[in-house]
A.B. asks: 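Below is a structure I'd like to ask you about.
Fair warning: this is a prediction, and the values are worked out from it, not measured in the lab.
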Amino acid sequence: MSAPIVTLATSAQFPNLDADEANLPDALRDRGMEPRIAVWDDPAINWEEAGVVVVRSVRDYARDRNKFIRWARSIPRILNSANTMAWNTDKHYLKALEKLDLPVIPTTWLEPEQHLSKHQIHSRFPSQGDFVVKPAISSGGRGTGRYTATDAASRSDAIEHAMYELAHGRAVMVQRYLDVIDRTGETSLIYFNGIPSYTVEKEPMLHPRFSSVASGDVVEEQVLSSVKANEETWRWGEQIRIALHKYIKEVVGRDELLLFNRVDIVRGDEHSDSEFYVMEVSLIDGSLYLGTSDEHLELFADAIQTRVFW
């Protein structure tokens, strides 16, 4: 009996997977599967022979979101599902999660169809503190900039940034930058097959005057530590799980057991109304930090094995 095929979908930028996932094929092979690696938009690939497709280093999907969604929907067996990934490609999903009582960072949405002038954009920026401007459809932190509200030059740069994105038909998110991030960093909660598996603490990604707008580079994340999910994160994770799966059911029409799910949060401080805020939910290409611990790699390979041999 031949081993079941598992194809790890990646992008041309990472034809052999991201370095963080370099050992995943061997881990799958050790578990009785035949791992393959394929670039998602390579016309030479016969996806009918791909077996179970696990989406990983597709860091370029936002450059042609519609093409990516069409591709995902053409795959017979893909994880996570194509419909779930489709709504996760556009960060407007945060508005829906907020309506389900998940605490998200307060966001001002600028839409291309509003045809906003520079003055109107200026009036929608915060009057104090730092803030972040980024497109609603983006991967790897591309197109993200941090600006200072009271600095005239920085504010002008932020206006130009927003105008650039809007002119290219992309909705823009404006979020107040939470100072607690500079003190405590960011936290990623990693779930495999619906189970909170581990927590990763990261350094702040957006230092003052940071911008990836001109370069278009992926924002590199620096991991500080990794620990098993504790009582606190289990409690937060359950709150997130309930809201997320309720939303999936509303959008897709049925619930789904997600192979992988990464939720980025920032802890609240003494000025916050919540213990934490959800920054992003990543069901497509977000790093799972497999290279930071052998246990992380083993857990993900086990999760894939469970789904393949279901």
A.B. asks: May I have the step-by-step check of side chain to side chain donor-acceptor pair (under 3.5 Å) for T108 and R124, ending in yes or no?
C.D. replies: CA-CA 7 Å; T108 297; R124 285 163 171 77; over 6 Å; no
A.B. asks: Taking the side chain as every heavy atom from C-beta outward, state whether H161 and K134 have any atom pair closer than 4.5 Å.
C.D. replies: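 No - every pair of side-chain heavy atoms lies 4.5 Å or more apart.
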A.B. asks: What distance separates D285 CG from F14 CZ, expressed to the nearest 0.5 Å?
C.D. replies: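 Going from the CG atom of D285 to the CZ atom of F14 covers 9.5 Å.
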A.B. asks: Please assess R65 against D90 for the test side-chain contact (heavy atoms from CB on, under 4.5 Å), listing each intermediate value before the final yes or no.
C.D. replies: CA-CA 9 Å; R65 173 177 177 257; D90 187 332; 4.0 Å; yes
A.B. asks: Could you state whether V281 and L94 fall into the same hydrophobic cluster, counting links through intermediate Ile, Leu, Val, Met, Phe, Trp or Tyr residues with side-chain heavy atoms under 4.5 angstrom apart?
C.D. replies: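 V281 and L94: one cluster.
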A.B. asks: Do you know the tightest heavy-atom contact between L8 and P25?
C.D. replies: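 Distance-wise, the nearest heavy atoms are CD1-CG, 4.0 Å.
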A.B. asks: Tell me if a side-chain donor or acceptor on D20 pairs with a main-chain N or O of L290 at a distance below 3.5 Å.
C.D. replies: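 Here the side-chain-to-backbone pair exists.
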A.B. asks: Going from CD on E111 to NE2 on H92, what distance comes out if it is rounded to the nearest 0.5 angstrom?
C.D. replies: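 It is 3.5 Å, given to the nearest 0.5 Å.
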A.B. asks: Looking only at heavy atoms, which two atoms of Q239 and D101 are closest? And how far apart?
C.D. replies: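 Where Q239 meets D101 most closely, the heavy atoms are NE2-O, 3.7 Å.
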A.B. asks: State the CH2-CG distance between W71 and D42, to the nearest 0.5 angstrom.
C.D. replies: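 The distance works out to 11.5 Å.
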A.B. asks: Flag the pair Y198 / L288 as yes when at least one side-chain heavy-atom distance between them is below 4.5 Å, and no otherwise.
C.D. replies: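 Yes; the side chains approach each other to less than 4.5 Å.
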A.B. asks: State, with a plain yes or no, whether a side-chain heavy atom of Y164 is found less than 4.5 Å away from one of R170.
C.D. replies: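 Side chain of Y164 against side chain of R170, heavy atoms only: contact under 4.5 Å found.
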A.B. asks: Applying side-chain contact (heavy atoms from CB on, under 4.5 Å) to R56 and F300, what does each step give before you reach the verdict?
C.D. replies: CA-CA 12 Å; R56 281 290 68 227; F300 189 41; 3.9 Å; yes
A.B. asks: Is there a side-chain contact between Q114 and Q120 (heavy atoms, below 4.5 Å)?
C.D. replies: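 No - every pair of side-chain heavy atoms lies 4.5 Å or more apart.
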A.B. asks: Please report the shortest heavy-atom distance between R29 and P35, naming the atom on each side.
C.D. replies: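 Scanning both residues, the minimum pair turns out to be NH2-CG, 3.4 Å.
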A.B. asks: If you round to the nearest 0.5 Å, how far is CD1 of I45 from CH2 of W40?
C.D. replies: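 If we round to the nearest 0.5 Å, W40:CH2 and I45:CD1 are 13.0 Å apart.
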A.B. asks: Is NZ or CZ of R31 both nearer than 6.0 Å to the six-membered ring centre of F309 and within 45° of the ring axis?
C.D. replies: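 Not satisfied by the 6.0 Å and 45° rule.
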A.B. asks: Heavy-atom count check: over 12 atoms from other residues, nucleotides or ligands less than 6.0 Å from Q128 CD?
C.D. replies: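 Open.
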A.B. asks: State whether the side chain of R155 and the backbone N or O of H122 hold a donor-acceptor pair below 3.5 Å, judged by distance alone.
C.D. replies: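 Confirmed, R155 side chain pairs with H122 backbone.
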A.B. asks: Given F192, which of L299, N261, T306, L258 fulfils the side-chain contact (heavy atoms from CB on, under 4.5 Å) condition?
C.D. replies: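 Going through the options one by one, the only one that passes is L299.
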A.B. asks: For a 4.5 angstrom cut-off between non-hydrogen side-chain atoms, does S287 reach R262?
C.D. replies: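 S287 vs R262: side chains touch.
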A.B. asks: Taking the side chain as every heavy atom from C-beta outward, state whether I240 and F276 have any atom pair closer than 4.5 Å.
C.D. replies: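 Yes, their side chains come closer than 4.5 Å.
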A.B. asks: Compare every heavy atom of Y289 with every heavy atom of H296, then report the nearest pair and how far apart it is.
C.D. replies: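 Reported closest heavy-atom pair: ND1-O, 2.9 Å.
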A.B. asks: Check whether L28 and V52 end up in the same hydrophobic cluster, where Ile, Leu, Val, Met, Phe, Trp and Tyr are linked by side-chain heavy atoms less than 4.5 Å apart.
C.D. replies: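 Hydrophobic grouping puts L28 with V52.
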A.B. asks: Taking all atoms of both residues into account, what is the closest heavy-atom pair of D264 and S188, and its distance?
C.D. replies: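 That would be OD1-OG, 2.5 Å.
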A.B. asks: Is I248 reachable from L189 through a run of I, L, V, M, F, W or Y residues, each pair having side-chain heavy atoms under 4.5 Å apart?
C.D. replies: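 Cluster IDs for L189 and I248 match.
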A.B. asks: Are the charged groups of R36 and E34 less than 4.0 angstrom apart, N to O?
C.D. replies: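 Looking at E34 together with R36, the answer is yes, because their closest N to O distance falls below 4.0 Å.
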A.B. asks: For R146, run the salt bridge (charged side-chain N to carboxylate O under 4.0 Å, His left out) check against D179, D157, D151, D130 and tell me which one passes.
C.D. replies: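 Of the listed residues D179, D157, D151, D130, the salt bridge (charged side-chain N to carboxylate O under 4.0 Å, His left out) partner of R146 is D130.
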A.B. asks: Closer than 3.5 angstrom, by distance alone: can the side chain of N88 be matched with the main-chain N or O of L283 as a donor-acceptor pair?
C.D. replies: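 Answer holds: yes.
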A.B. asks: Before giving the answer on side-chain contact (heavy atoms from CB on, under 4.5 Å), spell out for N80 and V55 the whole-Å C-alpha distance, their side-chain angles and the decisive distance to 0.1 Å.
C.D. replies: CA-CA 7 Å; N80 291 311; V55 177; over 6 Å; no
A.B. asks: Is the backbone N or O of S11 less than 3.5 Å from a side-chain atom of S57, with the two atoms forming a donor-acceptor pair by type?
C.D. replies: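 No; zero donor-acceptor contacts below 3.5 Å.
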A.B. asks: Going from OG on S282 to NZ on K91, what distance comes out if it is rounded to the nearest 0.5 angstrom?
C.D. replies: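 Answer for the OG-NZ pair, S282 versus K91, is 8.0 Å.
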A.B. asks: For residues V174 and F131, report the shortest heavy-atom separation together with the two atoms involved.
C.D. replies: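 Closest heavy-atom pair between V174 and F131: CG1-CD1, 4.0 Å.
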A.B. asks: Does a side-chain heavy-atom distance below 4.5 Å link L166 with I121?
C.D. replies: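 Yes. Closest side-chain heavy atoms under 4.5 Å.
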A.B. asks: Looking at D30, I want to see if its CG is surrounded by more than 12 non-hydrogen atoms of other residues, nucleotides or ligands under 6.0 Å.
C.D. replies: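 More than 12 heavy atoms, drawn from other residues, nucleotides or ligands, come within 6.0 Å of this atom.
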A.B. asks: Mind checking the OG1-CG spacing from T84 to L259? Nearest 0.5 Å is all I need.
C.D. replies: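 So the OG1 of T84 and the CG of L259 are separated by 12.0 Å.
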A.B. asks: Kindly say whether M173 contributes a backbone atom to a donor-acceptor pair with the side chain of T107 at under 3.5 angstrom?
C.D. replies: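 No; zero donor-acceptor contacts below 3.5 Å.
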A.B. asks: Taking W87 as the starting point, is it possible to reach I69 by hopping between hydrophobic residues whose side chains are less than 4.5 Å apart?
C.D. replies: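 In one cluster with I69: W87, no.
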A.B. asks: Given side-chain contact (heavy atoms from CB on, under 4.5 Å), test N83 with V251 step by step and report yes or no.
C.D. replies: CA-CA 8 Å; N83 286 338; V251 173; over 6 Å; no
A.B. asks: Any chain of hydrophobic side-chain contacts (each under 4.5 Å) joining L244 to I265?
C.D. replies: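 Linked within one cluster.
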A.B. asks: Less than 4.0 angstrom from a charged side-chain N to a carboxylate O is my criterion; do E98 and K95 meet it?
C.D. replies: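 Between K95 and E98 there is no salt bridge, as every charged N stays at least 4.0 Å from the carboxylate O atoms.
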A.B. asks: Against the six-membered ring of Y191, is R241 placed for a cation-pi contact (under 6.0 Å from the centre, within 45° of the normal)?
C.D. replies: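 Not flagged: R241 not positioned over aromatic ring of Y191.
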A.B. asks: Is E49 close to I5 at the side-chain level, that is, under 4.5 Å between some pair of heavy atoms?
C.D. replies: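 No, every pair of side-chain atoms sits at 4.5 Å or beyond.
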